[in-house]
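Here's the structure we're looking at; comments come further down.
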Amino acid sequence: MLAGIPLLCTVKLARLAYPELPRHNLDALLRHLRIPRPADRHRALPDVLVTVAVLRAILRTGAEAGAWTTLRKPSASWNARR
C-alpha cells in the first residue's frame with residue numbers, strides 16, 4: 001500500500017498464478033506467456049503495454065484456476081493446493 005492506496009503487484013500475483021516458474025520478473029513472464037518482448041524494452045510506454053498484457057494473462061490464469069474471484073485476497077482453498 002502506498003499512501004493508503006491499495007496496489008497490485010504483478011510479481012506477487014505471478015507467484016500465485018505460476019508457482020512453477022523459477023523467476024517472476026517481467027522478462028521471465030513475457031517468455032512464459034509468449035508475449036513478444038518489445039525492441040524498445042525498458043522505455044516507459046512499451047513496458048507499460050507489456051505489463052498490462054502480463055497482468056491480463058495473470059488475472060485470466062488465476063480466475064480460470066479458481067485462485068480468485070476478486071483482487072482482494074486469493075481463495076483459501078486455492079492457496080491450500082499450492
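The structure displayed is predicted, hence computed values, not measured ones.
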Quiz prompt | D47 versus H42, closest heavy-atom pair with distance | solution = OD1-N, 3.0 Å
Quiz prompt | L59-V11 co-clustered via ILVMFWY side chain contacts under 4.5 Å | solution = no
Quiz item: Under the salt bridge (charged side-chain N to carboxylate O under 4.0 Å, His left out) test, which residues partner R37, sequence neighbours left out?
Solution: D27
Quiz item: Are L8 and L33 connected, step by step, through hydrophobic side chains (Ile, Leu, Val, Met, Phe, Trp, Tyr) whose heavy atoms are closer than 4.5 Å?
Solution: yes
Quiz item: Are side-chain heavy atoms of H32 and R23 found at a separation under 4.5 Å?
Solution: no
Exercise. Take L29 and L21 through the test side chain to side chain contact (heavy atoms under 4.5 Å, CB included) and record every step on the way to the result.
Key: CA-CA 9 Å; L29 292 169; L21 296 181; 3.9 Å; yes
Exercise. Begin from the C-alpha positions of T10 and L26 and carry the test side chain to side chain contact (heavy atoms under 4.5 Å, CB included) through to its verdict.
Key: CA-CA 8 Å; T10 54; L26 186 55; over 6 Å; no
Quiz item: Any sub-3.5 Å donor-acceptor pair from N25's side-chain atoms to A28's backbone N or O?
Solution: yes
Quiz item: Looking only at heavy atoms, what is the nearest atom pair of P36 and V50, with distance?
Solution: O-CG1, 4.1 Å
Quiz item: Are Y18 and H24 close enough that their ring centers fall under 6.0 Å?
Solution: no
Quiz item: What is the minimum heavy-atom distance between I58 and A14, and which atoms define it?
Solution: CD1-CB, 3.8 Å
